[in-house]
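Following: one structure in structure tokens, then a few remarks.
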Amino acid sequence: MAWFKREKKPIEQQTPPDERRVKTEGLWTKCVSCRAIVWKKDLESNLHVCPKCQHHFRLNARQRLELLLDGRWVEHDAGLSSIDPLHFVDTRPYADRLKENQKKLGMKDAVLTAEGLLNGRPVICCSMEFRFIGGSMGAVVGEKVTRAAERAMESKVPLVIVSCSGGARMMEGTISLMQLVKVSAALARLDEVRLPYISVLTDPTTGGVTASYAMLGDLNIAEPGALIGFAGPRVIEQTIRQKLPEGFQRSEFLLDHGFLDAVVHRKDLKAYIANALDFLVG
Ligand SMILES: [Zn+2]
């Protein structure tokens, strides 16, 4: 009765299950602005700017430092970590959220402080990480930015801060809000000793970060098409009961209305900052 028995061996599985994917998968990405399909390598070599429509994709904190600094840098205050002072719980405990982000991103909070060279000139550069709880500013971000300003004063070098943030960190309540004052005061001291601070606003820069250091630069420059504002457009529309104009809260609109000094394409950003520092410092 061999006819219902499988006498031949089953076909051998050549590839292990986790490799059973089309090899081109993940090599392409769709531009969120023009919907063009872009090869990821092309996007990377173009500084994460869409080659078709010039849409600026978001950079992470490290990519940003790689873009602006010459090669290597020294990181400062990398060990500062939030102590969750309010023992805050929303849909889940803030402490868990912190731990998860720290593990995932390999950093303790939403900003990196680096000391390095920008076109050969020593600078202190802060770079915000949006993936870390929306780049929100709690006690750690506030403290790190303040220390960066103080370090710039000590070493007598310019300060560059690249913002990418949803605003103050709600899980730290008033303590987050106090950072606005602390950072602003440190920047005022930097101003007194006549050291330049260049603020770079990237998509998005909103809330408490806009309301403090992002708008306090000697030069406030933004990348094209970045969302920059305090409250979101829907909140404003509901408050003033008016429809907002096209392009409201985008870099170009803010430049036209005197909130920014320049909108600079990513490929020109480093040269622009270097030039500005040559002009400001000599
Ligand atoms: Zn595009």
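First listed ligand is number 1; within each ligand, the first listed atom is number 1. Residues: numbered from 1 along the sequence shown.
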>> Would you say R97 and T91 are linked by a side-chain donor-acceptor pair, where the criterion is simply a distance under 3.5 Å?
In response: yes
field: N, O or S of H55 under 2.8 Å from the Zn ion (ligand 1)
entry: no
Lys/Arg N to Asp/Glu carboxylate O, R189 vs E150, below 4.0 Å: yes
C53 SG to C34 SG via the Zn ion (ligand 1), rounded to 10°, gives 110°
Note: SG(C31)-the Zn ion (ligand 1)-SG(C50) angle, rounded to 10 degrees, equals 110°
With a 4.0 Å cut-off, would you call D77 and K108 a salt bridge? no
| query | Going by atom types alone, do Q102 and K99 pair a side-chain donor with an acceptor below 3.5 Å? | reply | no
